[in-house]
A.B. asks: 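Sending over a structure as structure tokens; questions will come in a sec.
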2 protein chains.
Amino acid sequence: MELTTAEENYLKAIYHLSVEGKKSVSTNDIAAEIRTKPASVSDMLRKLGEKEVIQYRKYYGLQITPLGIQLALQTIRKHRLWEVFLVDKLNFAWDEVHEVAEQLEHIQSLLLIERLDAYLNYPKFDPHGDPIPDAFGDVRSRPRIALQEMEIDQSGQIVAVKDSSPAFLRYLDKVGAYIGARIKVLDKVEFDGSVEILVDQKKTLFMSKDVASNILVLTA
Amino acid sequence: MELTTAEENYLKAIYHLSVEGKKSVSTNDIAAEIRTKPASVSDMLRKLGEKEVIQYRKYYGLQITPLGIQLALQTIRKHRLWEVFLVDKLNFAWDEVHEVAEQLEHIQSLLLIERLDAYLNYPKFDPHGDPIPDAFGDVRSRPRIALQEMEIDQSGQIVAVKDSSPAFLRYLDKVGAYIGARIKVLDKVEFDGSVEILVDQKKTLFMSKDVASNILVLTA
DNA sequence: AAAATAAATTAGGTTAAACTAAAAAATAAT
DNA sequence: ATTATTTTTTAGTTTAACCTAATTTATTTT
Ligand SMILES: [Mn+2]
Ligand SMILES: [Mn+2]
Ligand SMILES: [Mn+2]
Ligand SMILES: [Mn+2]
């Protein structure tokens, strides 16, 4: 069973929206995620249904199948390994990798991805802190919460970002927030949900609710 | 000006057949090279003509333009750099790289290819001995002749292969011929054109005319 | 429960890239 | 110089992946 590039992109979007997000995924959600029109999505859902990577009843909704999950995870695995390669070996910044990985993830070669994995020393997380599925599709996920949901005085370590857009990542670079940083919540403002944190025991940082909710933390 | 993957493949084939080969390139030649039907080639030639990467007058023939050469060389550059990456970094054998490089060459990112070039230490030749064009499309080509055309007692160094098929490359591996090997022609058989050579001053090797004509040598 | 609104699908069209079969042009053979 | 052959192009289809506009189904509101 092989999927086209477009099919892989759709399936990946469906996986992200369903398995990692809410249970029910709408045609409009997928269209927004993939930046395409709902009519095109309907068309593709029928095709993915025929290929049995999703279970699809029109007007009712869809459910990704075990086969679909497995294939989606293989694409995600490739995407994240390439991101690690770009950052670790080619010195890309973490905000420069997504677009290129979006292309590289579709290269078809089992040997390539296994060799790449070995070459990178079997990394467990990508530059944005997202877990890299192994060759069998197993994902070791860490329990993590949004910084925005932490209590005052609670401390932890930044382990991932929810939003991987260049604008957001460059903002984090600018203020000095990074994956691996140890943080402690100093204050939370009731009024607008903004937070004040201490980074690496030396630098205090204010951030909006919007920013804080896109930073994922492993609490101690 | 951007080309699709199919257009890049056609243009690359046209470049190889015209610039590196004979002057006049037929529709059938291209069809054979790309493993497609002549009718499909005619269609594509019209499109490539409109994009001005070739000059095309139907029934008369085609000529690749300077713009076409430049674009073809960029694709060839990417192809060969990826081949070096696969062999040097991911331990691919030289007969395993072509198919994967055929896909990787179409990844679009200027940053990627410049960084890759730097990471590989600006290699000048790919694993098959073919020169890698630089970012400006300049190719440093060495004067090389087919082993088959060497005289008895003449010596030199294997610098490239004409045929990159896995079958041929694996045969060379088996008999112990490799790029960089110093050789000397011991004998040439008039009857069938086969040759006997001495490799690295220790091992003698017999090879058919067919094999010898696909090995390129830099004569001392 | 009917009407209004929102969401999803279908109908019909476009573009890229392939194909087969038929026609046209160029080349080779008599 | 015709005729025959080969090469190339055109005509007409197919498939994948998109689109807009129209229609159908589901959901909400009155
Ligand atoms: Mn992609
Ligand atoms: Mn990532
Ligand atoms: Mn290619
Ligand atoms: Mn090569």
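These values consider heavy atoms only, across backbone and side chains, with no hydrogens, waters or symmetry-generated copies. To find a chain, count down the sequence lines: A is the first, B the second, and so on, and within it residues start at 1.
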A.B. asks: Please report the distance, rounded to the nearest Å, between CZ in A:R46 and P in C:dT9.
C.D. replies: 11 Å
A.B. asks: If I take atom OH in residue B:Y10 and atom P in nucleotide C:dA17, what distance separates them, rounded to the nearest angstrom?
C.D. replies: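 Spelled out: OH on B:Y10 to P on C:dA17 is 9 Å.
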A.B. asks: Rounded to whole angstroms, how far apart are CD on B:E7 and P on C:dA16?
C.D. replies: 8 Å
A.B. asks: So A:A6, base contact, sugar-phosphate only, or nothing? Heavy-atom distance under 4.0 Å.
C.D. replies: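 Sugar-phosphate, no base atom in range.
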A.B. asks: In chain order, what residues pass the ring pair (Phe, Tyr, Trp, His ring centres under 6.0 Å) check against A:H106, with sequence neighbours excluded?
C.D. replies: none
A.B. asks: To the nearest 0.5 Å, tell me how far A:L172 CG sits from A:M207 CE.
C.D. replies: 6.5 Å
A.B. asks: Going by the rule side-chain contact (heavy atoms from CB on, under 4.5 Å), which residues pair with B:F125 if we only count those two or more places apart in sequence or in a different chain?
C.D. replies: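 Result, side-chain contact (heavy atoms from CB on, under 4.5 Å) vs B:F125: B:P131, B:R142.
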A.B. asks: Could you tell me the Watson-Crick or G-U partner of D:dT30, where both distances fall under 3.5 Å? Say none if there is no partner.
C.D. replies: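 Partner of D:dT30: C:dA1.
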A.B. asks: Does any residue of residues 50-65 of chain A have a heavy atom under 4.0 Å from DNA chain D, and if so, which ones, in number order?
C.D. replies: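 Residues of residues 50-65 of chain A under 4.0 Å from DNA chain D: A:Y59, A:Y60.
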A.B. asks: NA contact type, B:T27, heavy-atom cut-off 4.0 Å: base, sugar-phosphate, or nothing?
C.D. replies: sugar-phosphate
A.B. asks: Are the side chains of B:L48 and B:E7 in touch, meaning some heavy atoms are under 4.5 Å apart?
C.D. replies: yes
A.B. asks: When the distance from CG of B:L48 to P of C:dA18 is rounded to whole Å, what number comes out?
C.D. replies: 11 Å
A.B. asks: Looking at C:dA17, C:dA7, C:dT20, which one has an atom nearest to any side-chain atom of A:N28?
C.D. replies: C:dA7
A.B. asks: Can you name the salt bridge (charged side-chain N to carboxylate O under 4.0 Å, His left out) partners of B:R77, sequence neighbours left out?
C.D. replies: B:E114, B:D117
A.B. asks: Output yes when at least one side-chain N/O atom of B:T36 is less than 4.0 Å from OP1 or OP2 of C:dC19, else no.
C.D. replies: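 For C:dC19, OP1 or OP2 has a side-chain N or O of B:T36 closer than 4.0 Å.
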A.B. asks: Please find the earliest and latest nucleotides of DNA chain D, in the 5' to 3' direction, that have an atom within less than 4.0 Å of any heavy atom of chain B.
C.D. replies: D:dT7 to D:dT10
A.B. asks: Would you please confirm or rule out a distance under 4.0 Å between OP1 or OP2 of C:dA8 and any side-chain N or O of A:K37?
C.D. replies: no
A.B. asks: Compute the centroid of each ring, for B:H128 and then for B:H98, and state whether the two points are separated by less than 6.0 Å.
C.D. replies: no
A.B. asks: Could you tell me which residues satisfy ring pair (Phe, Tyr, Trp, His ring centres under 6.0 Å) with B:F85, sequence neighbours excluded, listed by chain and number?
C.D. replies: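 With neighbours one apart ignored, the set is A:F85, B:W82.
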A.B. asks: Return the value, rounded to whole Å, for the distance between atom CG of A:L45 and atom C1' of C:dT10.
C.D. replies: 14 Å
A.B. asks: Starting from the 5' end of DNA chain D, give me the residue, B:P38 or A:P38, whose nearest nucleotide shows up first.
C.D. replies: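 The answer here is B:P38.
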A.B. asks: Consider side-chain contact (heavy atoms from CB on, under 4.5 Å). Of A:Q148, A:Q154, A:M150, which one does A:V217 pass it with?
C.D. replies: A:M150
A.B. asks: Set out, in order, the CA-CA distance, both residues' side-chain angles and the distance that settles side chain to side chain contact (heavy atoms under 4.5 Å, CB included) for B:F206 and B:I197, then state yes or no.
C.D. replies: CA-CA 7 Å; B:F206 289 91; B:I197 62 172; over 6 Å; no
